[in-house]
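First the structure, in the form of structure tokens, and then the observations on it.
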Amino acid sequence: MKSARITAPNEPLSVHEFETPKPEGEQVLIKVRSVGVCHSDLHLWEGGYDLGDGQFMKVTDRGVKYPVTPGHEIVGTVEDVGSNVSGIVKGDMVLVFPWIGCGNCPACKVGNENLCDTPRSLGVFQDGGYSDYALIPNFKYLAKLDGVDPDAATSLACSGLTAYTAIKKANSNSPEFLVIVGAGGLGLMGVQIAHAITDAKIICVDLDEQKLATAKEMGADFTVNSKDSDVVQKIMTICNNKGADSVVDFVNAPPTAKLDFAVLRKRGNLVLVGLFGGSIELSLVTIPLKSITIQGAYTGNYDDMVELLSLARKGILNPIISKRYTLHECNSALNDLKARKILGRAVINP
Ligand code: NAD
Ligand code: ZN
């Protein structure tokens, strides 16, 4: 099999040839049909996250070992199964749940493997889907597509799933006004999901007019370009000068985080999702005085991924796939995402 690997931070990915593995026990071998290119693959390629003040959190300090095959939004057909696999047969078209945990910690025990203390996520801590074949450790991490378009389905394993978790958290205070910051792969899914499952008026913020126009088509009621000097005032005016009840930040960098706090109203709910990173100073006293809630959201669990597949099957969710690359073009895919040239998601068809 052929896999595109990150061998060291910022080095071009190179395609390597390996013996195709034979699945054993609960394992399943997938012939990869499509794999989504996520901004998190870029952070993995860059070697870590910006902590602000010149500090950097290395992915290798979090347990990543190079070389690694990235790719956590994997769709493919079942090629071969181990002897203990049931309910999945050769030829099934499946979406892979990549946020695999240890199975034993408190999070895993209640089905939230995505929040495991010692994660083993595919495409991060174990080899993922930038490959023509992928070995999945257990058939329980697969969900049948049953009619969902394979390229579109890739988005449901990370961008859709993360957006779903975040929007559900943002909806816990029944927001009248919901601000979504960042209309990239995650944010555009967030707009669609918010439109489908909340009663909120959706205000979408990005730097890119084309992405904002698409957000409007996907269900945003208002769009605001964060390059505008009066961005805070524009959002406040839309929210009757009281501010937004909830903000979901799919960028989560200093300029957007400052904006989030500036437009969040009393009793507001802030959900931070993006991993762009950095740091800001917080006016501590405003947090109790405004009684705001600040929370993080990290991917989602298997059951939510299955729910999303059913929303996609009904046509309620339509992930945007705007560009397709071959495995050998994976460096171009990552560079195009970095240069903000991708609308919605790009996929690699190995
Ligand atoms: P993307 O590159 O597709 O989209 C990013 C979007 O943010 C773009 O539309 C860009 O124009 C916009 N943007 C950048 N800076 C901005 C600014 N200052 N103001 C307004 N908009 C700005 O990325 P993606 O795949 O959607 O991922 C977004 C982030 O979420 C990444 O950091 C990624 O690693 C992270 N992520 C987090 C989770 C999680 O579980 N928390 C899961 C997946 C991805
Ligand atoms: Zn992702």
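Hydrogens, waters and symmetry mates play no part in the numbers below; they use all other heavy atoms, side chains included. Since we're looking at a predicted model, the values are computed, not measured. Every number for a ligand or one of its atoms is a count from 1 in the order of the listing.
Contact annotation for Lys211 and ligand 1: only side-chain heavy atoms (C-beta onward) come within less than 4.0 Å of the ligand. Contact annotation: for Asp206 versus ligand 1, heavy atoms closer than 4.0 Å belong to both the backbone and the side chain. Of all the heavy atoms of Val251, the ones lying under 4.0 Å from any atom of ligand 1 belong exclusively to the side chain. Using a 4.0 Å cut-off between heavy atoms, Ala183 contacts ligand 1 through its backbone alone, with no side-chain atom that close. At a 4.0 Å heavy-atom cut-off, ligand 1 touches Ala297 through the backbone alone.
Which parts of ligand 1 touch Phe250 is read off a 4.0 Å heavy-atom cut-off, strictly below it: atoms 28 (C), 29 (C), 30 (O). Near Arg345, meaning under 4.0 Å from any of its heavy atoms, are these atoms of ligand 1: 25 (O).
A donor-acceptor pair under 3.5 Å is formed between the side chain of Thr165 and the backbone N or O of Leu161. Under a 3.5 Å cut-off, the side chain of Asn225 and the backbone N or O of Leu207 do form a donor-acceptor pair. Judged by distance alone, with hydrogens and angles left aside, the side-chain atoms of Ser3 form no donor-acceptor pair with the main-chain N or O of Arg5 at under 3.5 Å. At distances below 3.5 Å, not a single donor-acceptor pair connects side-chain atoms of Lys266 with backbone N or O atoms of Asp245.
A heavy-atom distance below 4.5 Å is found between the side chains of Ile167 and Val248. Within the 4.5 Å cutoff, no side-chain heavy atoms of Ile203 are placed close to those of Asp221. Taking the side chain as every heavy atom from C-beta outward, Leu186 and Arg345 approach each other to under 4.5 Å.
The protein non-hydrogen atom at the shortest distance from atom 43 (C) of ligand 1 is Cys158 SG, 3.3 Å. Residue, atom and distance of the protein heavy atom nearest to atom 19 (N) of ligand 1 are Ser226 OG, 3.1 Å. Nearest protein neighbour of atom 4 (O) of ligand 1, counting heavy atoms only, is Gly184 CA, 3.2 Å. Annotation: atom 26 (O) of ligand 1 to nearest protein heavy atom, Leu186 N, 2.8 Å. Of the protein's non-hydrogen atoms, Gly274 CA, 3.5 Å is the one closest to atom 30 (O) of ligand 1. Scanning the protein heavy atoms around atom 42 (C) of ligand 1, the nearest turns out to be Thr162 OG1, 3.5 Å.
Distance check for His72 against the Zn ion (ligand 2): an N/O/S atom falls below 2.8 Å.
Summarising the contacts of atom 16 (C) of ligand 1 with Leu207, Thr214, Val224, Asp249, the nearest heavy atom is found in Leu207. When the options Leu44, Leu212, Thr256 are ranked by their closest heavy atom to atom 17 (C) of ligand 1, first place goes to Thr256. With His39, Lys338, His43, Arg340 as candidates, the residue nearest to atom 32 (O) of ligand 1 on a non-hydrogen basis is His43. Summarising the contacts of atom 33 (C) of ligand 1 with Ala346, Ser40, Ala257, the nearest heavy atom is found in Ser40. One option in Val273, Thr299, Asp336, Leu337 has a heavy atom closer to atom 37 (C) of ligand 1 than any other, and that option is Val273.
Ring geometry for Phe97 versus Tyr302: interplanar angle over 60°, hence perpendicular rather than tilted (30 to 60°). Between Trp99 and His72, the ring-plane angle classifies as tilted under the 30° and 60° cut-offs.
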Going through the distances and angles, do Ile235 and Phe222 end up as a side chain to side chain contact (heavy atoms under 4.5 Å, CB included)?
-> CA-CA 9 Å; Ile235 294 172; Phe222 305 92; over 6 Å; no
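Within 6.0 Å of NZ in Lys31 there are more than 12 heavy atoms belonging to other residues, nucleotides or ligands.
Distances shorter than 4.0 angstrom do not occur between any heavy atom of Ala253 and any atom of ligand 1.
Here's the thing with Cys38: none of its N/O atoms is less than 3.5 angstrom from an N/O atom of ligand 1. In terms of N/O distances under 3.5 Å, ligand 1 is approached by Gly185.
Salt-bridge formation is detected for the pair Lys168/Asp304: a Lys NZ or Arg NE/NH1/NH2 atom is positioned less than 4.0 Å from an Asp or Glu carboxylate oxygen.
Side-chain atoms of Ser291 and Arg267 form no donor-acceptor pair, as typed in the model, at a separation below 3.5 Å.
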